[in-house]
Each structure stands twice: as structure tokens, then as C-alpha cells.
Amino acid sequence: MAGGALQVAGLLVGGLGVVGTFAVTAMPQWRVSAFIEHNIIVFETIWEGLWMHCIRQVNIRMQCKVYDSVLALSPDLQASRGLMCAGSGLSLLALVLAMVGMRCTRCPQSPWQAKGCILLAAGLLFILSGIVELVPVCWVANSIISDFYNPVVNVAQKRELGEALYLGWVASFCLVAAGSTFCCSSRCAENPRSYRYSSPTHHSPHSQRLHSKAEGSYSKSQYV
């Protein structure tokens, strides 16, 4: 009972991590324009993501444009695009395997031991996808912080941490937590009845003689 509840909790947390991973991959708020000048009036906001960059001006709706080429991106964003796509695929595969390997899922052709192995594989994939997602998020955050405190970089080119990076940290934590949960509960998916062992009964010679005498006397009493 506890193992099933733990698996359901892991599936919910893993589902949140998968949804967050896809959202982070699509969101343009990876890099946000930094307002560090003395003028507090904001006329323009710039967002830079993995697939597009957006500009929002005062009294004008936001305009987004997809990058013309991958080479237009910085090296960290180029690598982040590939890593986030890989993390999204791994997390989705882990979610499917977790749904198949859960105790509440009934598959007549799959034994309990196979379901435990599937659940363990789902947990490892969840942890791997969380690590793969954590690498680009931390890499881009480190690049933003380094450029922000670099006096050589122009003020107009400095950026701040966007909402996508914070959501990426939360999503990666959910994926790792779900993977750890499935790895710990993978043994609970095995059928406990298959491990029951009944020891054979041994009869001593004295008890066998008594048993045979009792059967003989019972058979004689029937003929009398």
C-alpha cells in the first residue's frame, strides 16, 4: 500500500517536471534586459530564448522573431538548445515507462519482476533528464552573471536571469526527486507471493510407524 502511494506521488512530481521541462524549452525568457542605468523609465524590454527573441515596448504589443540561424546564438544558447531537447525527450520517455511499470497498471503479459525493472529504468531516466536539464540552465545563468559583472561588456548588452531559468531549476529538481522515488520503490513492484517458501515436512520413522498402526487399526475396525 505504501509502495503504491509512493509511486503515485513520484508520477505526479515527475509529470510536473516533464511539463516544466517543455515549458522551459519553449519560453523566450532565458535572458532578460537589465535596467541598471539611472533612468528608471522603462521603454523597451528584451527577451532572449532558445528559439526566438522578443521585444516589448511601451504601448506596443510584444513582437517576437525566430532566429534566422543557429549560428546567431551564443555558444551557451546553442548547446542549451540541444541539451534541452534531449532532456525533454528523456523525461517524456521516463514518464511513459513509469506509467507502464507502476503497480496500479495491469499488464497481463508482464510479470511483477519485469514491472520492477521497468520502474527502475524510469527512475534512472528521470534522474538523467534532470541532470541534462540542469547543465544548460546553470551554464546560461553563469554566463549571464559573468557578463553582468564584467566591466568590459557594454551596459546595453548586459542581461539578467529570466523566469525560464528559475523554472528550469524547479523542473530539474522535480525530475531528480521523481527518479529517486521510483528507484526506491522499484522493489515494491515485485509480487511478494512469488517469494513465499514453504519448507517440506519431515516425518521421523517413529511417527511413520505410529501412523501406519493407526491406519491398520482403522481398517480392521471397518471390517468388524
Side-chain angles (χ1 to χ4, degrees), residues 3-31 47-54 64 66-67 70 73-141 161-190:
L6 192 63
Q7 292 173 12
V8 173
L11 185 65
L12 293 177
V13 175
L16 292 177
V18 172
V19 174
T21 301
F22 278 92
V24 171
T25 306
M27 288 175 62
Q29 293 94 338
W30 281 65
R31 292 181 173 182
W47 295 344
E48 296 178 0
L50 301 179
W51 310 97
M52 64 183 72
H53 67 280
C54 302
C64 298
V66 181
Y67 294 115
V70 183
L73 297 172
S74 58
D76 54 349
L77 291 181
Q78 291 181 14
S80 299
R81 178 185 287 191
L83 290 174
M84 289 303 299
C85 290
S88 300
L90 290 175
S91 61
L92 183 60
L93 179 61
L95 183 63
V96 173
L97 290 178
M99 295 174 64
V100 174
M102 288 183 63
R103 172 179 289 184
C104 57
T105 305
R106 299 298 181 184
C107 297
Q109 296 181 356
S110 61
W112 290 94
Q113 290 81 4
K115 292 174 71 70
C117 295
I118 292 174
L119 203 63
L120 180 61
L124 295 177
L125 284 178
F126 267 124
I127 296 176
L128 180 60
S129 61
I131 295 174
V132 170
E133 182 181 358
L134 190 63
V135 170
V137 172
C138 294
W139 188 0
V140 174
L161 303 178
E163 292 83 357
L165 298 180
Y166 296 102
L167 183 59
W169 281 316
V170 175
S172 61
F173 174 76
C174 291
L175 292 176
V176 173
S180 302
T181 302
F182 284 121
C183 289
C184 294
S185 63
S186 60
R187 295 179 179 271
C188 299
E190 299 176 357

TODO: Decide yes or no for P136 and L50: does some side-chain heavy atom of the first lie under 4.5 Å from some side-chain heavy atom of the second?
DONE: no
- [ ] Could you tell me whether the side chain of V13 reaches within less than 4.5 Å of the side chain of T181, counting heavy atoms only?
- [x] no
Open item on the list: If I compare all heavy atoms of A178 with all of G10, which pair ends up nearest, and what's the gap?
Closed with: CB-O, 3.4 Å
Task: Backbone of V24 reached by a side-chain donor or acceptor of W30 within 3.5 Å - done: yes
Task: Donor-acceptor under 3.5 Å (Q29 side chain, W47 main chain) - done: no
Task: salt bridge (Lys or Arg N to Asp or Glu O under 4.0 Å): pairs with one or both residues in residues 74-89, sequence neighbours excluded - done: R31-D76
TODO: Look at atom OH of Y67 and say whether more than 12 heavy atoms of other residues, nucleotides or ligands are closer to it than 6.0 Å.
DONE: yes
TODO: Answer yes or no: is there a side-chain heavy-atom contact under 4.5 Å between F182 and L11?
DONE: yes
Task: side-chain contact (heavy atoms from CB on, under 4.5 Å) between L175 and I131, worked out - done: CA-CA 9 Å; L175 292 176; I131 295 174; over 6 Å; no
Open item on the list: Looking at every heavy atom in both C183 and I127, which two are closest together, and how far apart are they?
Closed with: SG-CD1, 4.2 Å
Task: V140 versus S80, closest heavy-atom pair with distance - done: CG2-OG, 3.3 Å
Return all side-chain donor-acceptor pairs below 3.5 angstrom for residues 161-169, not counting sequence neighbours, or 'none' if the list is empty.
none

Open item on the list: For A98 versus F126, what's the shortest heavy-atom pair and its separation?
Closed with: CB-CE1, 4.1 Å
Identify all side-chain donor-acceptor contacts of residues 82-95 below 3.5 Å with residues at least two apart in sequence or on another chain.
unit_1: S88; atom_1: OG; unit_2: T25; atom_2: OG1; d: 3.3
unit_1: S88; atom_1: OG; unit_2: M84; atom_2: O; d: 2.8
unit_1: S91; atom_1: OG; unit_2: G87; atom_2: O; d: 3.0
unit_1: S91; atom_1: OG; unit_2: S88; atom_2: O; d: 2.8

